[in-house]
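Working notes for the structure below.
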Amino acid sequence: MSLKERMSGNEAVAYAMKQINPDVMPAFPITPSTELPQNVANYIANGEMTTEFIPVESEHSAMSAAIGAEAAGARTMTATSSAGLAFMWEMLYVAASSRLPIVMAVVNRALTGPLNINCEHSDSMGARDSGWIQIYAENNQEAYDNFLQAYRIAEHKKVMTPVMICQDGFIVSHGVENITLLEDEKVKNFVGEYNPEHSLLKDTMAVGPYATSPYGMEAKRAQAEGVNQAKDVILEVAKEFGEISGRNYGLYEGYCLEDADYVIVAIGSACGTTKDAIDELRKEGKKVGLLKVRVFRPFPAEELTDALKNAKAIAIMDRAESYSSQGGPLAAELSAALFAAKSKAEVKKIVYGLNGRDYRVEDAKDVFAALEDIAENGNKNPFEYTYIGLRE
Amino acid sequence: MNYKEIQSREERLAPGHRMCAGCGGTIAVRNVLKALHPGDKAVVGNATGCLEVSSFTYPYTAYTDSYIHSAFENAGATLSGAEVAYKALKKKGKTEENVKFITFGGDGGTYDIGIQSLSGAMERGHDMVYVCYDNGAYMNTGIQRSSATPMYADTTTTPVGSESVGKPQYRKDLAAIMAAHNIPYIGQTTFIGNMMDLYTKSEKAIYTKGPAFLNIMAPCPRGWRYDAPEIIDICKKAVDTCYWPMFEVVEGKWILSYKPKNKLPIEEFLRPQGRFKHLFKSGNEYLIEQFQEEVDRRWEDLLKKCEA
């Protein structure tokens with residue numbers, strides 16, 4: 001008996017937060033994620049949640065307090081965007097290396113320079129090497145579903161790694177769409193009680209040592225193992241979630257992918273736009289498809305390259321600039337994986353949607369046309385990357 | 001408080017840590033933790049600094065209580081998270097113990113890089129104690145000036161030279177800033193006599209409900225350049241010259257803990273310290289005069305606050 005509703009991405013994630021009702025939430029407002037702490041504070045004020053909300057004075061303190069709370073044995077969450085995530089930077093690494101399963105809702109927004117409040121993945125992409133698991137959503141339903149699955153992944157004994165649940169700022173966070181919610185009881189049973197094996201309050205323990213070179217490297221290797229193990233756990237949790245919700249998730253989603261010659265690889269809301277373009281082009285008999293990356297950390301290199309094995313030409317699209325002269329981070333990592341997989345496909349690297357620039361169905365069609373061209377004639381500029389909708 | 005009973009309490013900062021011989025920070029931590037009532041558990045927090053790298057060097061910890069360090073500028077925020085977790089878990093019946101929350105930071109982590117996090121934690125009213133062990137410079141990175149460094153001190157970022165007489169600015173008055181937060185308890189002290197002032201203030205800070213702040217002058221023989229065994233004498237002179245007055249602010253009321261019978265001239269405090277050596281060169285008398293004027297001004301100001 002699931003519940004049909006209409007909600008924005010922020011409302012959906014705040015609803016998931018209410019249903020999970022974690023012990024502690026330190027947070028500081030920033031557009032476009034502000035509604036998350038606001039809605040939680042409202043739920044608490046009206047007796048619908050018992051979470052202890054900490055109205056910290058900055059995002060740095062939000063992550064610091066989250067570290068203190070989680071280390072003390074409380075299930076902890078927070079939320080942020082853009083500059084807020086950047087301000088947490090130092091503490092992201094501390095949270096991950098201290099193996100604290102904090103869950104953070106990230107509402108993706110451009111990092112400043114110029115100041116801009118619209119969607120970009122530069123914030124969470126910049127944090128891709130901080131040791132956090134990153135799961136991205138295409139729409140409000142996925143943002144909600146991903147958040148419900150997050151603690152099961154983060155708190156898994158083999159993982160013990162914090163998780164970012166990312167959704168596109170404004171496009172998803174403020175766009176109201178239909179959504180199917182799970183009943184409170186179902187969520188409660190699925191997420192389960194949090195009983196950490198060790199904590200500051202349960203044991204006498206010390207967190208956050210100074211480690212000299214004879215010890216630090218092993219700590220980092222052990223940390224990497226937690227992230228490595230997450231791939232299987234994400235799939236196990238998704239399977240169980242599918243059983244209670246009827247909605248199935250993997251490390252990625254393929255759309256018209258199996259027989260596709262020309263494939264767009266993207267993350268987030270752009271995938272919905274791309275699907276519309278595919279529907280139209282398929283009617284014209286074009287063998288086009290989409291690979292939507294859901295899990296960016298751990299990076300599912302084997303799975304993604306296997307899913308792309310039949311493609312003749314691939315457009316890898318980033319909503320973030322790396323200033324590496326090589327396009328964005330997804331392009332860099334997936335290109336490297338394709339090389340390792342001995343792929344013969346032509347690759348086109350594209351940067352799009354910076355500072356909230358629109359990505360339209362026509363743009364996706366143009367990309368597919370360009371892929372057809374390089375599949376036929378070869379990519380004459382394999383080291384170059386291009387932009388969508390840029391005025392030059 | 002019974003002095004003998006306190007002395008018989010078990011150490012909560014175990015020997016074997018790597019702090020320097022004669023380190024004031026270590027004396028502060030050891031004695032603050034002794035003010036905890038036997039049987040009470042504590043979660044000890046710590047900003048990055050000498051204390052952290054020398055007392056929790058993996059795989060050894062010197063603390064017999066739970067301990068958390070996360071970074072330099074956020075000891076206030078980090079421990080506030082742990083305190084709220086305790087509150088949340090206690091409400092849910094998931095923890096029964098009586099736990100106190102005490103965090104330590106040097107003046108770098110407290111007066112400077114960590115003041116925002118400290119201010120936020122105090123303003124939010126967490127039931128915790130923030131202890132600043134103030135040694136008046138960034139000692140862990142090698143004696144750089146802080147906003148707690150006294151005027152004219154020779155530090156590695158305010159070196160004395162042909163064009164410099166040391167740190168040009170007066171030191172920040174952190175206790176007054178904390179008082180402006182209107183928290184229930186603030187204590188300023190140092191190592192005097194049998195440390196009863198330190199024990200009394202620590203106990204009050206720990207067992208006052210709500211946020212409390214302790215500012216403890218903790219001399220650093222390396223940074224201040226004096227002979228390590230002289231520490232108690234230096235503390236006595238800091239107090240008797242009124243350079244480091246001992247006082248409390250209880251529920252907004254300023255209370256002087258000690259008034260020297262004969263206020264000593266500031267030279268008495270400055271002379272034993274290598275960082276002030278240049279002040280005693282002929283021609284520099286005016287620097288000492290200026291230092292004295294500022295000490296006097298602040299002392300008079302404090303007396304007024306305490307009379308009010």
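Computed from heavy atoms alone, side chains included, the values below leave out hydrogens, waters and symmetry copies. Note that the coordinates shown come from a computational prediction; the quantities given were computed from them, not determined experimentally. Residue numbers start from 1 in every chain, and the chains themselves are labelled A, B, ... in the order their sequence lines are given, proteins ahead of strands.
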Worksheet item: If you draw the axis of the six-membered ring of A:Phe190, does the NZ or CZ of A:Arg152 fall within 45° of it and under 6.0 Å from the ring centre?
Response: yes

Worksheet item: Between A:Met63 and chain B, which part of the residue has a heavy atom less than 4.5 Å away: side chain, backbone, both or neither?
Response: neither

Discussion item. Heavy-atom cut-off 4.5 Å, strictly under: side chain, backbone, both or neither for B:Val84 against chain A?
Written reply: both

Worksheet item: Hey, are A:Arg297 and A:Asp129 close enough for a salt bridge, meaning a charged N less than 4.0 Å from a carboxylate O?
Response: yes

Item to complete: Measure distances from A:Val56 to the heavy atoms of chain B and classify the residue's part below 4.5 Å as side chain, backbone, both or neither.
Response: both

Discussion item. Once you measure the plane-to-plane angle for A:Phe87 and A:His60, does it fall in the parallel (<30°), tilted (30-60°) or perpendicular (>60°) bin?
Written reply: tilted

Fill in: chain A contact via B:Val43 - which portion, at a heavy-atom distance below 4.5 Å
side chain

Worksheet item: Around atom CZ of B:Arg222, are there more than 12 heavy atoms of other residues, nucleotides or ligands at under 6.0 Å?
Response: no

Worksheet item: Are the charged groups of B:Arg171 and B:Asp134 less than 4.0 angstrom apart, N to O?
Response: yes

Worksheet item: In terms of side-chain heavy atoms, does A:Asp203 have a donor or acceptor partner in A:Ser199 at a distance below 3.5 Å?
Response: no

Worksheet item: Would A:Gln38 and A:Tyr43 count as having a side-chain donor-acceptor pair, cut-off 3.5 Å?
Response: no

Worksheet item: Under the side-chain hydrogen bond (donor to acceptor under 3.5 Å, both in side chains) criterion, do A:Gln223 and A:Tyr93 qualify, and how do the steps go?
Response: CA-CA 11 Å; A:Gln223 189 188 333; A:Tyr93 286 75; over 6 Å; no

Item to complete: Select one option (side chain, backbone, both, neither) describing which atoms of B:Leu79 are under 4.5 Å from chain A's heavy atoms.
Response: neither

Response to the item:
Okay, A:Asn195 and chain B: the region with an atom under 4.5 Å from a heavy atom over there is side chain

Worksheet entry | Best-contacting candidate, B:Ser80, B:Ala71, B:Ser55, against chain A by heavy atom pairs under 4.5 angstrom | B:Ala71

Discussion item. Only pairs of heavy atoms separated by less than 4.5 Å count here; which of A:Ser58, A:Ala72, A:Ala65 has the most with chain B?
Written reply: A:Ala65

Worksheet item: Are any side-chain N or O atoms of B:Asn215 and backbone N or O atoms of B:Tyr133, one a donor and one an acceptor, separated by less than 3.5 Å?
Response: no

Fill in: Leading residue by heavy atom contact count with chain B [cutoff under 4.5 Å; candidates A:Leu201, A:Val24, A:Thr212]
A:Leu201

Item to complete: Measure distances from B:Glu97 to the heavy atoms of chain A and classify the residue's part below 4.5 Å as side chain, backbone, both or neither.
Response: side chain

Worksheet item: Contact part of B:Thr64 toward chain A, heavy-atom cut-off under 4.5 Å: side chain, backbone, both or neither?
Response: backbone

Fill in: Heavy-atom pairs under 4.5 Å with chain A, option from B:Asn46, B:Val99, B:Leu89, B:Thr48 with the top count
B:Leu89

Worksheet item: Mind checking whether A:Phe147 and A:Tyr151 have parallel, tilted or perpendicular rings, split at 30° and 60°?
Response: perpendicular

Worksheet item: Tell me, side chain or backbone of B:Thr61 under 4.5 Å from chain A's heavy atoms, or both, or neither?
Response: side chain

Item to complete: Heavy-atom distances under 4.5 Å only: say whether A:Ser97 touches chain B with side chain, backbone, both or neither.
Response: neither

Worksheet item: Side-chain donor-acceptor pair under 3.5 Å between B:Thr155 and B:Gln144, yes or no?
Response: no

Practice prompt. Among the options A:Gly68, A:Ser98, A:Gly216, A:Gly73, pick out the one with the most heavy-atom pairs lying under 4.5 Å from chain B.
Written response: A:Gly68

Practice prompt. Taking only Lys NZ, Arg NE, NH1 and NH2, and the carboxylate oxygens of Asp or Glu, determine whether A:Glu193 and B:Lys92 approach each other closer than 4.0 Å.
Written response: no

Response to the item:
Whatever's closer than 4.5 Å to a heavy atom in chain B on A:Ala211 counts as both

Practice prompt. With a 4.5 Å cut-off on heavy-atom pairs, point out which of A:Thr50, A:Ile54, A:Thr51, A:Val94 contacts chain B the most.
Written response: A:Ile54

Practice prompt. Identify which part of A:Pro55 has an atom lying under 4.5 Å from any heavy atom of chain B, answering side chain, backbone, both or neither.
Written response: both

Worksheet item: So what's closer than 4.5 Å to chain A heavy atoms on B:Tyr86: side chain, backbone, both or neither?
Response: both

Worksheet item: For chain A, which of B:His126, B:Gln116, B:Glu83 has the most heavy-atom pairs under 4.5 Å?
Response: B:Gln116

